[in-house]
Amino acid sequence: MNYLNTLNKEQKVAVLSTDGPLLILAGAGSGKTRVLVHRIAYLIDNNGVSPWNILAITFTNKAAEEMRNRVDKIVGQGADSIWVSTFHSLCVRILRRHIDMIGYDTNFTIYDTDDSKTVMKDVMKRLNIDSKMIREKAALAAISSAKDELIDVYEFKENSAGDYRQELIARLYEEYENALRKANALDFDDLIVLTVKLFKECPQVLDNYQERFRYIMVDEYQDTNTAQFELVRLLADKYRNLCVVGDDDQSIYKFRGANIGNILDFEKNYEEAKVVRLEQNYRSTQNILDAANAVIANNTERKEKSLWTDKGAGNRIHFKQLDTAYEEADYIAADIAKAVKKGLVKYGDCAVLYRTNAQSRILEEAFVREGMPYNIVGGVNFYSRREIKDVLAYLKTIDNGVDDVAVKRIINVPKRGIGQTTVAKVSDFAAEQDISFFEALTYGKDIPGIGKAALKLEAFVNMIAVMRSKAEFMDVSALIKDVLATTGYIDELEESDDDDAEDRIDNIDELISKAVSYKEDNPEGTLSDFLAEVALVADIDSVDENADMSLLMTLHGAKGLEFARVYIAGAEDGVFPGMSAVFDEDPTAIEEERRLAYVGITRAKDDLTITCAKARMIRGETQYNSVSRFVKEIPGELMDDKPAPTRALKIDGQELSRYSDGSSERDAFLSKPYGGYSDVTYSKPRAVVMPKVTPAATKPYIAKSASPRAASGSATAGTKLSYGVGDRVRHTKYGEGTVKDISLEPRDYKVTVEFDGAGQKIMYATFAKLEKI
DNA sequence: TTTTACTTCGTTTTT
DNA sequence: CGAAGTAAAA
């Protein structure tokens with residue numbers, strides 16, 4: 001077993017503890033994947049376990065793929081019979097085989113969050129519940145957490161008796177379930193819930209899988225919810241060879257139902273469990289680990305542990321407070337550019353992490369300005385894009401005609417004159433006859449009040465019927481091409497004045513490529529399989545690590561990843577930790593955010609920079625936030641770049657902005673060292689009014705020095721624009737046009753131009769490079 | 001039926 | 001500030 005020599009003492013113990021329940025508490029960067037992979041190899045080589053009997057579960061496809069690759073390398077013979085899978089795809093595979101035993105059809109479709117929302121809207125309309133009484137999102141969130149806790153409609157109803165709002169949700173839950181059932185569709189939660197249900201109702205099926213999966217490993221165990229816990233418990237119940245790996249300090253998915261108790265109480269649930277702690281970190285420098293340890297030490301509910309490394313202290317942690325979020329983004333982009341120029345790192349070694357996706361835009365703009373290669377992870381998933389969802393909806397309609405959401409989505413896309421009134425009539429008819437929407441369509445002129453729309457319905461039904469017959473022998477990519485050709489989808493896009501038409505067409509091409517490579521990887525894969533796979537793809541899964549691009553993503557998205565150089569942006573109370581946590585009376589809310597900080601800090605291998613801004617626009621309002629409490633929890637001696645003394649944001653002796661109530665509290669606030677840095681108290685930022693800066697003269701328009709940066713001490717004078725409202729200008733891409741409006745943004749002029757060819761565009765003067773004609 | 005102009009509303013985090 | 005939803009016009 002020469003590969004055991006590469007492991008440290010604790011790692012070895014973990015690998016050698018092959019039988020019975022095992023909890024591996026693996027601190028960040030402690031080589032847990034390594035341990036898991038070696039453990040699998042050891043089970044096979046040493047204990048003679050058949051690869052067939054091993055199951056490894058992860059949360060993301062990316063993690064599964066990485067483990068798969070590493071297992072393949074070390075195991076060799078028979079590696080492909082090991083199941084390495086995410087929770088969700090594991091369940092899909094099981095359900096596709098057996099879901100008919102609990103009354104579903106095996107070609108079920110999977111609804112994503114968007115689809116669920118559509119269903120919920122429909123349900124609320126049918127039940128005459130106004131969205132003001134309860135938002136769809138809130139109802140869905142409540143239902144989702146119920147499912148995470150394995151609470152079915154019946155139990156939910158019992159629990160809600162007497163509480164008006166809960167009773168309301170109970171009714172929605174019931175109808176939502178009915179709608180999904182009718183559509184032969186499962187949502188994400190159902191995949192887990194129904195697998196558990198299947199196992200409980202069909203002991204012989206469970207037994208079958210228990211025999212199959214004699215050795216089970218679960219990664220990121222701290223993120224499991226009750227349903228997932230139960231699933232694992234059932235599977236492992238017979239042989240009890242369950243190895244879970246996790247770090248309670250990295251539990252950051254409470255909002256998704258993750259139950260930190262699963263890992264904290266593992267030894268209670270499995271009394272014979274062995275526990276191994278991995279505390280030696282192979283990723284980061286000691287300074288970074290000290291910072292992470294210091295921050296997380298402020299949490300109460302945790303298993304005590306402390307990361308250490310034999311790497312040196314390394315660089316100090318950099319901290320920088322900028323005046324505005326705009327400057328913060330600028331600073332980060334420029335700092336990366338500088339480091340790359342110096343030859344310290346490549347772009348691909350750098351990541352910028354933030355709390356909310358909303359922060360990505362401003363950072364992206366900075367990267368564009370600097371002309372740096374970057375990739376944003378998260379935000380809109382590829383498969384959530386409109387054009388992709390449209391095409392997929394065609395495939396779903398072909399595959400599973402009772403999927404009402406899919407059919408309704410594409411019945412008038414591209415436009416074929418079937419409007420909402422017609423759709424409503426068909427819907428009513430379907431409800432009355434208790435048939436699916438698509439089946440109702442086939443009734444054509446028998447639908448009351450349908451009029452001459454019947455012909456259009458008939459044409460649509462025929463088109464789908466033809467596609468269905470083609471689906472029998474075509475593979476997915478050919479089918480997509482056929483859909484595009486017969487519907488004229490691409491043509492409509494090309495003719496539309498949609499600015500993103502080109503991108504959309506590119507995306508569709510991308511989808512076709514994915515279908516082709518799916519076929520290569522899964523020659524036996526059906527259309528249902530393809531659609532299921534596609535539904536379970538997360539954004540992080542498609543990140544190309546070999547491309548030399550800096551990554552921009554949320555702190556959540558960064559879990560499990562590492563980068564030589566990490567930036568944490570927006571380290572402000574109110575942003576990170578977020579508002580809702582700051583004002584939550586439950587202290588565990590802040591603890592969850594703190595774990596997120598811990599995750600963020602421990603992503604960095606060599607160099608960590610934390611930044612924040614004094615002023616930031618959120619929802620069109622400027623907020624003044626103090627430095628994040630988490631930054632204050634990092635011992636000062638670990639940091640350099642102490643923030644410069646705060647200057648008030650003033651222009652020509654005049655305040656740029658003030659509180660709406662006219663108080664000068666902000667002055668006091670800003671004059672504290674580090675903008676409130678030393679002060680622990682926090683008050684809810686108040687709305688402030690930015691005075692409108694209206695250009696006094698139009699032509700020629702010469703700006704006054706008014707940008708916050710210019711005002712805050714640097715020497716840059718105001719920018720001059722060579723044109724004004726009404727002038728004719730030329731743009732490199734859009735050609736000639738007339739300036740309609742100019743307004744002053746915090747840092748730049750926003751110019752509205754009516755282009756002769758391209759229509760009206762709004763752009764920033766600095767990078768539009770407009771030329772007066 | 002479809003396009004447009006206006007109002008409202010909201011932010012964590014995601015498989 | 002945007003997106004998304006609603007009301008009115010074409």
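This structure is a prediction, so every number in the text was calculated from the model and none was measured. Below, read A as the first sequence line, B as the second, and so on, with proteins coming before strands; counting in each chain starts at 1.
- Side chain of A/Asn61 to backbone of A/Leu536: a donor-acceptor contact under 3.5 angstrom is found.
- Counting heavy-atom neighbours within 6.0 Å of A/Arg126 CZ, excluding the residue itself, gives a total above 12.
- Taking atom CE of A/Met133 as the reference point, atom P of B/dC9 lies 16 Å away to the nearest angstrom.
- Within the nucleic acid shown, A/Phe87 has no heavy atom closer than 4.0 Å to any nucleic acid atom.
- Put simply, A/Arg135 has a side-chain N or O that comes within less than 4.0 Å of OP1 or OP2 on B/dT11.
- For the pair A/Asn299 (side chain) and A/Asp249 (backbone), a donor-acceptor distance under 3.5 Å is absent.
- A/Phe59 comes within contact range of the sugar-phosphate backbone alone, with a heavy-atom separation under 4.0 Å but no base atom that close.
- Put simply, CG on A/Asp223 is 11 Å from C1' on B/dT15, counting in whole angstrom units.
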Query - Base-pair map of DNA chain B as dot-bracket, where | denotes pairing with a different strand and pairs are Watson-Crick or G-U under 3.5 Å - result: ||||||||||.....
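- In this model, a donor atom of one side chain and an acceptor atom of the other lie less than 3.5 Å apart for A/Ser116 and A/Tyr176.
- Salt bridge status for A/Arg629 with A/Asp573: present, with a side-chain N to carboxylate O gap under 4.0 Å.
- Per the geometry, CG belonging to A/Leu231 stands 19 Å off P belonging to B/dT15, to the nearest Å.
- Residue contacts shown for A/Asn357 are limited to sugar-phosphate atoms, with no base heavy atom under 4.0 Å away.
- A cation-pi arrangement is found for A/Lys514 relative to A/Phe382, the charged atom lying closer than 6.0 Å to the ring centre and inside a 45° cone about the ring normal.
- Look at OH on A/Tyr111: it is 18 Å from C1' on B/dT15, rounded to the nearest Å.
- Contact check on A/Arg96 versus A/Asp529 returns a salt bridge, with a Lys/Arg side-chain nitrogen under 4.0 Å from an Asp/Glu carboxylate oxygen.
- Look at CD1 on A/Ile134: it is 13 Å from P on B/dG10, rounded to the nearest Å.
- The 5' end of DNA chain B is approached more closely, in terms of each residue's nearest nucleotide, by A/Thr422 than by the other of A/Ile252 and A/Thr422.
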Shorter than 3.5 Å, N or O on both sides, protein versus nucleotides 5-10 of chain C: list them out with atom names.
residue : atom : partner  : partner atom : Å
C/dG5   : OP1  : A/Lys121 : NZ           : 2.9

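- More than 12 heavy-atom neighbours from other residues, nucleotides or ligands sit within 6.0 angstrom of NZ on A/Lys425.
- The nearest whole Å value for the distance from the CD1 atom in A/Ile362 to the C1' atom in B/dT11 is 16 Å.
- Distance from the side chain of A/Gln420 is smallest to B/dT2 among B/dT14, B/dT2, B/dG10.
- Proximity of residues 411-418 of chain A to DNA chain B (heavy atom under 4.0 angstrom from any strand atom) is restricted to A/Asn412, A/Lys415, A/Gly417.
- A sub-4.0 Å separation between OP1 or OP2 of B/dT11 and a side-chain N or O of A/Lys137 is present.
- When heavy atoms are screened at a 4.0 angstrom cut-off, A/Gly620 is found touching base atoms of the nucleic acid.
- Looking at A/Asp219, A/Thr86, A/Asp223 one by one, the single match for side chain to side chain contact (heavy atoms under 4.5 Å, CB included) with A/Phe59 turns out to be A/Asp223.
- Between A/Lys396 and A/Asp115 there is a salt bridge, since at least one side-chain N of the basic residue sits less than 4.0 Å from a carboxylate O of the acidic one.
- Here the nucleotide nearest the side chain of A/His88, chosen from C/dC1, B/dT15, B/dC9, is B/dT15.
- Atom CE in A/Met579 sits roughly 16 Å away from atom P in B/dG10 (whole-Å rounding).
- When only modelled atom types and interatomic distance are considered, A/Gln228 and A/Glu230 share no side-chain donor-acceptor pair under 3.5 Å.
- Nucleotides of DNA chain B nearest to A/Lys456 and A/Leu596 differ in position, and the one nearer the 5' end is that of A/Lys456.
- The listed nucleotides are C/dC1, B/dT13, B/dT15; the one nearest the side chain of A/Phe188 is B/dT15.
- Candidate nucleotides B/dT13, C/dC1, C/dG2 were compared by shortest atom distance to the side chain of A/Arg361, and C/dG2 ranks first.
- A salt bridge between A/Arg385 and A/Asp503 is absent, with no side-chain N of the basic residue lying under 4.0 Å from a carboxylate O of the acidic one.
- As a whole-Å value, the separation of A/Arg256 CZ from B/dT14 C1' is 5 Å.
- Within 4.0 Å (heavy atoms only), A/Ser580 reaches at least one base atom of the nucleic acid.
- A salt bridge links A/Arg595 with A/Glu592: the closest approach of a Lys/Arg side-chain nitrogen to an acidic carboxylate oxygen falls below 4.0 angstrom.
- In terms of phosphate contacts, A/Thr113 brings no side-chain nitrogen or oxygen within less than 4.0 Å of OP1 or OP2 of B/dT15.
- Among the atoms of the strands shown, none is found under 4.0 Å from any heavy atom of A/Thr86.
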